[in-house]
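The structure under discussion appears below in the form of structure tokens.
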Amino acid sequence: MSPTIHRSGERTSTSADRADDLVTRRSVIGAPQPDSTPAPPASPAAASVADERPRMSVVVVEDVAALEAYAQEWQDLASAALEPNVFYEPWLLLPALRAFGASDRLQFVLVLAADPARPSQPPLLCGLFPLERRNHFEGLSRKLPFKTLRFWRKPEITYLCTPLLRADVAREALAAFFDWLAAGSHGCSLLEFNFVSGEGPFHRLLIDHCNEHQTLTCVTHTFTRALLRPADDAETFIRAAVRPGRLRELRRHERRLADAGPLAYRTLEPGDDVDAWIEEFLNVEAISWKGKGGRALVRDESEQAFFREVAREAFRRGQLMMLALRLNGRTIAHKCNFLSGSGSFAFKIAFDEEHARHSPGVLLELENIRRLHARPEIAWMDSCAAETHPMLDRLWPERRAIENLVIGTGTSPGGLVVAAIPLLKWLNRRFYQRVSPRD
């Protein structure tokens, strides 16, 4: 009697806080003297274009409760962002800050734009930069005593720190942020763009701005992680990504599992009990290698509460994707993804160590590839994995660059430190890091 393997049907799911300076102009150190020749009068058409440009201002919020007042405008910004980042959307970032950011010195920089055509309307939120202030720069293996701003991040919760910029005014919003940075009210000499995308529209915009304003930059760390972009169809993708011998082996593992009882692939659907799926994931992760190594979410009450809250909210918003592999009705592998715009982020995956010899995690990942290909509205999935991941690096052939980039804020000695970082890194490797003896 041949084993039975089931896959469920697939559906397509489809104010005022403390304000900083109004940003209206930018000063450039070393700018040439203006030409004394009178400029020709601007044409009415040119004046009209200038008047229609958004007037940017910056508001700085230092309290999470005050930040919540912007949640609606913030979500609208996330939906129109130059580059999606689910980890900085309000429904995910606010619970993370409440759970893990209480002891951090937070500073949220909001870039607002007044619409000249609608002066009576409230300003439009065009940029969000969630920052924290630190007394030391930690971009090297040794702390340096320079006050630093960096993007807020909770390891193993926040896998990307690219800020949110409204796509149609991204250049102006980024310029307004740099104007606020140069004003120096933050009291820091360095700004670290940590865990930001090292490619794509935001990275290009950042590099263009720094080159245009002759801002010295230094990349202190960079790596790539697996990225999935669908092919014409799932089977074409799988055959191209997995060696024929390995694919036959995985099919054999699937048959062996099915010999032990009914084997079913399931996906969370609208109308399902999301709480049951959440508990199912937590239980599987607890008996996985992460649970045995003390890295599962169940190790900490606050992490459990955070996951439950954001998973429920993501489900309500249609931004949660969960898959499970069940044997005899018992889940042996589970996966949780978050969706944002045309992209998606692989948040967590876990499998039962008892069945490790049959690669249930890999089998579920192959099912994830099939499900992703069945949803044409999803253009890519970020693995959110480490720079070397033994499973995803083999299954997902493309890569995404992630980097830490540091600049001076304009406050001394920021620029000097940035210029000296390559030398400091060399000295650190040469004199302080121990080199393991060869075998």
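In this chain, numbering begins with 1 at the start of the sequence shown.
The number of heavy-atom neighbours closer than 6.0 Å to CG of D232, taken from other residues, nucleotides and ligands shown, is 12 or below. Within a 6.0 Å radius of NZ in K147, no more than 12 heavy atoms belonging to other residues, nucleotides or ligands are found. The number of heavy atoms from other shown groups lying within 6.0 Å of CZ (R248) does not exceed 12.
Ring pair H213/F178: centre-to-centre distance not below 6.0 Å. Aromatic ring centres of W380 and F345: separated by under 6.0 Å. In this structure, Y70 has its ring center no closer than 6.0 Å to that of F108. Between F177 and F129, the gap from one ring centroid to the other is short of 6.0 Å. The ring of F193 has its center closer than 6.0 angstrom to the ring center of F151.
Under 3.5 Å, the side chains of Q107 and E132 contain no donor-acceptor pair of N or O atoms. Between the side chains of T236 and D233, at least one donor N or O lies within less than 3.5 Å of an accepting N or O.
Remark: E309 engages R98 in a salt bridge, criterion side-chain N to carboxylate O under 4.0 Å. In summary, E254 and R251 do not engage in a salt bridge, as defined by a charged side-chain N under 4.0 Å from a carboxylate O. Of the charged side-chain nitrogens involved, none lies within less than 4.0 Å of a carboxylate oxygen, so that E192 and R134 do not count as a salt-bridged pair. Under 4.0 Å is where a charged nitrogen must lie from a carboxylate oxygen, and between E83 and R400 at least one such pair does. With respect to the salt-bridge test (charged N to carboxylate O, under 4.0 angstrom), the residues R133 and D104 do not qualify. Taking a cutoff of 4.0 Å between a charged side-chain nitrogen and a carboxylate oxygen, R370 and E365 do not qualify as a salt bridge. The residues R252 and E249 are annotated as not salt-bridged, no charged nitrogen and carboxylate oxygen being separated by less than 4.0 angstrom.
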Exercise for review: Begin with the C-alpha distance, continue with both residues' side-chain angles, and end with the deciding distance and a verdict on salt bridge (charged side-chain N to carboxylate O under 4.0 Å, His left out) for R308 and D275.
Suggested key: CA-CA 8 Å; R308 290 188 178 98; D275 288 333; over 6 Å; no
Review point. Please walk me through it: do E280 and R330 pass salt bridge (charged side-chain N to carboxylate O under 4.0 Å, His left out)?
Key: CA-CA 9 Å; E280 190 176 52; R330 177 188 172 191; over 6 Å; no
Exercise for review: For salt bridge (charged side-chain N to carboxylate O under 4.0 Å, His left out), just list the numbers for K335 and E367, CA-CA rounded to whole Å, side-chain angles, deciding distance to a tenth of an Å, and then say yes or no.
Suggested key: CA-CA 10 Å; K335 186 173 178 66; E367 183 67 11; over 6 Å; no
Exercise for review: Determine, stepwise, if the pair Q319 / S340 fulfils side chain to side chain donor-acceptor pair (under 3.5 Å).
Suggested key: CA-CA 7 Å; Q319 291 182 246; S340 181; 4.8 Å; no
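Remark: R105 engages no residue in a salt bridge (charged side-chain N to carboxylate O under 4.0 Å, His left out) (not counting sequence neighbours). With sequence neighbours excluded, no residue forms a salt bridge (charged side-chain N to carboxylate O under 4.0 Å, His left out) with E199. Every residue meeting the ring pair (Phe, Tyr, Trp, His ring centres under 6.0 Å) condition with F281, not counting sequence neighbours, appears here in chain and number order: F307, H334.
No side-chain heavy atom of W152 sits less than 4.5 Å from a side-chain heavy atom of L131. Side chains of V196 and I402 form no contact here, defined as non-hydrogen atoms less than 4.5 Å apart. The side-chain heavy atoms of T388 and F223, taken from C-beta on, include no pair separated by under 4.5 Å. No side-chain heavy atom of T217 sits under 4.5 Å from any side-chain heavy atom of V406. Contact annotation: the side chain of I421 never approaches that of W426 to less than 4.5 Å [non-hydrogen atoms, C-beta and beyond]. Residues N368 and N337 meet the side-chain proximity criterion, which asks for heavy atoms closer than 4.5 Å. Side-chain contact between I407 and L216: absent, with no pair of heavy atoms (C-beta onward) separated by less than 4.5 Å.
The two atoms that bring E269 and D272 nearest to each other are N-OD2, 2.8 Å, heavy atoms only. For the residue pair T331 and A324, the shortest heavy atom distance occurs at CG2-CB, 4.1 Å. When all heavy atoms are compared, the tightest approach of W396 to D382 is CZ3-C, 4.0 Å. The shortest heavy-atom contact between A386 and R225 is O-CB, 4.1 Å. A226 and D393 get closest at one heavy-atom pair: CB-OD1, 4.0 Å.
Remark: side-chain polar atoms of S185 are not paired, donor with acceptor, to backbone N or O of A183 under 3.5 angstrom. Side chain of Q304 to main chain of V298: a donor-acceptor pair is present (N/O by atom type, distance under 3.5 Å, no hydrogens or angles). A donor-acceptor contact shorter than 3.5 Å links the side chain of R394 to the backbone of P390.
When F315, W91, F87, Y88 are each tested for a ring pair (Phe, Tyr, Trp, His ring centres under 6.0 Å) with F338, only one passes: W91.
For the atom pair CG (D76) and CG (L125), the distance works out to 8.5 Å, reported to the nearest 0.5 Å. Taken to the nearest 0.5 Å, the CG atom of N328 stands 9.5 Å off from the CD1 atom of I332. To the nearest 0.5 angstrom, L112 atom CG is 10.5 Å from L128 atom CG.
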